Student: 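The structure that follows is given in the form of structure tokens.
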Amino acid sequence: MDFKLIQGDNKNIKFKLFSTNYSGLMLEKLTIKNYLLLKNIEIDLSKGFNIITGETGAGKSILINALNLLLGGRADYSIISKNKDKMIIEGIVSVSKENKAIISKILKEHEIESMITSPPSPLLKGEGGESSKINKDEGLVLIIRRELYTKAYSRCFINDTPVGTNELKELGEIIIDIHSQNEHQSLLKKEVHIELVDSYLIKKEGKKFEDKLNSYKQGYEQLLIKRNEYDEINKKKSDLDTKRSFIDFQLKEIHETDPQAGEDDELENELKTGENIEGIRESLTLAYSNLYDDSGSVLERIKIVEKELGKIGEYNTDIQKIMGDVSESTTALREASRLIESLLENLNFDPARVEEIRERLYKLQFLKKKYGGSIDEVIKLKVTLEKDLSLVDNFDDTIKKLRTEIDELVKDLFKKAGELSKTRRDKSKQLETEIVKILKEVGFENAEFRVEVTSHTAPNVDPAKQLKSGKSGTAKSAEGEGSNALNSNGYDDIEFMVKINKGDEFSSLRKTASGGEVSRIMLAVKSVLAGADKVDILVFDEIDTGISGRIAQKVGRVMKGLSGYRQVIAITHLAQIAALADEHLLVEKETEGNSTITKIRPLDKNEKVIEVAKLLSGEKVTDASIKSAKELMSV
């Protein structure tokens, strides 16, 4: 992997710069229309280190506010330009192969149009004019847009699919960190810290730690499955216990009648026969007489037909065929006569049987009406109820077996969690040391940093109860919430703590300082965790507040080093930071007719020198400031 080193005044500090191999998410273009003085601007950004400068009041911070709005921030409709109906903010974010899976998952969950392809931007060219890796994965991009209307409503879109602000926020938390008054800063979220430490340890310890972590996570997934089974079977047992008497009553009612498949259809036919016995007997008797028994019956007359045809059959082949047909008819009619005779002989129906059938059909109809509409449904219900009762009888054995499996899993997971915890505690000291070195580089001479690891272990507590309830990704005990817990990362909670000045107490990042101080602390943490942090686009505002030129140069070098891993966008008024830009954008006001507008434009090489010189000496550029600017830029 190609890299070069930038060294600060402290020779022990090195910042790797991988700008030619950066392949993460990137904000390619930001379009803003009708936002206060920004009438219609398009900002093309590059990979690496993007710097934005401009005079006070020109509108630099509007860009940060626009990004916040784009990522689901609260809408302020007073920002829409005068005499305009709506304001539009649109961002185009390129997505690499490494980020594709997690972004695609979010889009799929919210039924959002999948990522689209776009031709490589000329701004994404690497050295020598070849496209960098950032657009080699088919140039996948996200198009995020938000529109605010003067009628006090807004519309949001991801890839032209309408979404809510919550979806914008969810996506924004993954792709961008904005370090300005605690906006969109993932590092301020305590739950992210343990993932960052583990990613850092994977980078430092390699496959050994990664295998241990994956082994724990796989076991924990099995625990979740077993806990769900355990809870479900307990719930079902409880429900069935509550309904046991009702199930017994239903089964007793069905068993007393004992319906058989197809029985109702057979009984209906039998009942029709019994209710119409006399008419059936009379019709069968007449049919038998006319067919066979009476003088001049059908069969007797057919005999005459056969005799006459037999006399002439030898003279005509058609007549022979007719004789064959008549013979077949005679055979069929003789069989019909025999069946009718048999029916008459057996046609003895007891009137009591009619009442018996009616009573039976009434019972079957009662069951059908009550339990499903058909005999088949009643029988299915009987089978289900019998299975449920069988489960109740076997629940205790099943629950005991599951409980044993859960206990074994929990014991094994506690052992694995202990190994993870030991590594975190032992190796986090190295992380603390690295971050403190960078904190000193960016102006916090007395700073201390602590990775606070809190382990939740209680050997005497029932293992099955050591399951954290509440948020997604944790297992919940059916018996209730224990005071100690396993979670998807083990039994540790981790929080980053910092102490800025001597005599201060350690406090969480969320409660530490504000404005530029927080941004510089974040910069120090981000620079060390660059390979572990999953957020690819970093935006810094106010990072140079209250620092000297010497510290600013060190801050700039840290940011420059960080831009080898991430896209960095920073607003600054200090030349020492601006001098290190890969892309330098100037924000300036212009008069257009009777109004003032803000424009943003990229600077060429010579313009960069002039702008850095202005930051050094003010509006009046001198030969000395030009020389100093070139020295800072190493031109």
Side-chain angles (χ1 to χ4, degrees), residues 6-15 61 64 177-194 196-197 200 424-454 493-530 532-533 535 538-562 568 570-577 580:
I6 299 177
Q7 288 187 291
D9 294 340
N10 185 336
K11 301 303 180 183
N12 294 320
I13 306 299
K14 296 184 179 181
F15 310 103
S61 292
I64 304 298
D177 265 353
I178 300 176
H179 299 282
S180 171
Q181 300 300 322
N182 300 340
E183 295 287 348
H184 283 281
Q185 296 188 36
S186 61
L187 278 176
L188 295 180
K189 297 177 181 177
K190 178 185 172 184
E191 59 270 21
V192 173
H193 297 175
I194 191 167
L196 290 172
V197 169
Y200 171 82
R424 288 170 182 147
R425 290 177 181 276
D426 291 346
K427 302 299 180 180
S428 62
K429 299 298 181 185
Q430 182 180 352
L431 174 60
E432 293 171 352
T433 300
E434 291 182 30
I435 290 175
V436 167
K437 285 181 180 179
I438 306 298
L439 284 172
K440 291 181 184 300
E441 280 288 301
V442 296
F444 297 109
E445 295 294 336
N446 299 308
E448 295 181 44
F449 187 87
R450 179 192 295 168
V451 178
E452 190 169 89
V453 182
T454 305
D493 281 335
I494 289 181
E495 184 169 14
F496 295 156
M497 310 291 285
V498 68
K499 180 165 66 173
I500 301 300
N501 303 305
K502 286 183 178 180
D504 288 349
E505 297 291 331
F506 276 101
S507 61
S508 65
L509 292 181
R510 291 170 294 174
K511 300 176 182 178
T512 300
S514 61
E517 283 191 340
V518 168
S519 294
R520 277 187 287 146
I521 293 168
M522 293 301 172
L523 174 62
V525 176
K526 287 274 187 181
S527 65
V528 175
L529 295 174
D533 189 10
V535 180
L538 307 177
V539 180
F540 291 95
D541 188 19
E542 301 183 356
I543 195 165
D544 52 16
T545 300
I547 62 175
S548 65
R550 181 179 64 84
I551 297 300
Q553 192 169 28
K554 294 177 180 180
V555 169
R557 286 173 176 166
V558 174
M559 295 175 76
K560 181 73 172 180
L562 185 57
V568 177
I571 294 175
T572 186
H573 65 272
L574 292 181
Q576 290 82 355
I577 294 176
L580 299 173

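None of the values given here were measured: they were computed from a predicted structure.
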Student: Nearest 0.5 Å, please: how far is OG1 in T454 from CG in D493?
Tutor: 6.5 Å
Student: List for me each residue that meets side chain to side chain donor-acceptor pair (under 3.5 Å) alongside E495, sequence neighbours excluded, and say none if there are none.
Tutor: R510
Student: For V453, does its backbone N or O pair with a side-chain atom of R425 as donor and acceptor, under 3.5 Å?
Tutor: yes
Student: Return the CZ to CD1 distance between F444 and I438, rounded to the nearest 0.5 Å.
Tutor: 13.0 Å
Student: Under the rule for side chain to side chain contact (heavy atoms under 4.5 Å, CB included), what residues qualify as partners of L580, not counting sequence neighbours?
Tutor: F49, R557, K560
Student: Would you name the heavy atoms of I551 and R520 that are closest together and state the gap between them?
Tutor: CG2-NH1, 4.4 Å
Student: Does L196 form a side-chain contact (heavy atoms from CB on, under 4.5 Å) with I494? I'd like the steps, not just the answer.
Tutor: CA-CA 10 Å; L196 290 172; I494 289 181; over 6 Å; no
Student: Could you tell me which residues satisfy side chain to side chain donor-acceptor pair (under 3.5 Å) with N446, sequence neighbours excluded, listed by chain and number?
Tutor: none
Student: Walk me through whether T433 and K437 qualify under side-chain contact (heavy atoms from CB on, under 4.5 Å).
Tutor: CA-CA 6 Å; T433 300; K437 285 181 180 179; 4.0 Å; yes
Student: Tell me, please, which residues at least two apart from K440 pass salt bridge (charged side-chain N to carboxylate O under 4.0 Å, His left out).
Tutor: none
Student: Looking at every heavy atom in both L574 and A552, which two are closest together, and how far apart are they?
Tutor: CD1-CB, 3.4 Å
Student: Could you tell me which non-hydrogen atom of L562 sits nearest to which non-hydrogen atom of S527, and how far apart they are?
Tutor: CD1-CA, 3.8 Å
Student: For the residue pair A570 and M559, what are the closest heavy atoms and their distance?
Tutor: CB-CE, 3.2 Å
Student: For residues L439 and A524, report the shortest heavy-atom separation together with the two atoms involved.
Tutor: CD2-CB, 3.6 Å
Student: Distance check, rounded to the nearest 0.5 Å: S507 atom OG versus K499 atom NZ?
Tutor: 10.5 Å
Student: Tell me every residue that passes salt bridge (charged side-chain N to carboxylate O under 4.0 Å, His left out) with E452, counting only those two or more places apart in sequence or in another chain.
Tutor: R450
Student: side-chain contact (heavy atoms from CB on, under 4.5 Å) for Y200 and K427? Distances and angles first, verdict last.
Tutor: CA-CA 10 Å; Y200 171 82; K427 302 299 180 180; 5.8 Å; no
Student: Check the angle between the aromatic planes of F449 and F496 and answer parallel, tilted or perpendicular using the 30° and 60° thresholds.
Tutor: tilted
Student: Mark yes or no for whether E432, through its side chain, and V451, through its backbone, hold a donor-acceptor pair below 3.5 Å.
Tutor: yes
Student: My understanding is that only residues two or more places apart in sequence, or in another chain, count here; which of them pass side chain to side chain contact (heavy atoms under 4.5 Å, CB included) with A575?
Tutor: V612, L615, L616, L632
Student: Could you walk me through whether R424 and I194 satisfy the side-chain contact (heavy atoms from CB on, under 4.5 Å) test, starting with their C-alpha distance in whole Å, then the side-chain angles of each, then the deciding distance to 0.1 Å, before giving a yes or no?
Tutor: CA-CA 9 Å; R424 288 170 182 147; I194 191 167; 3.9 Å; yes
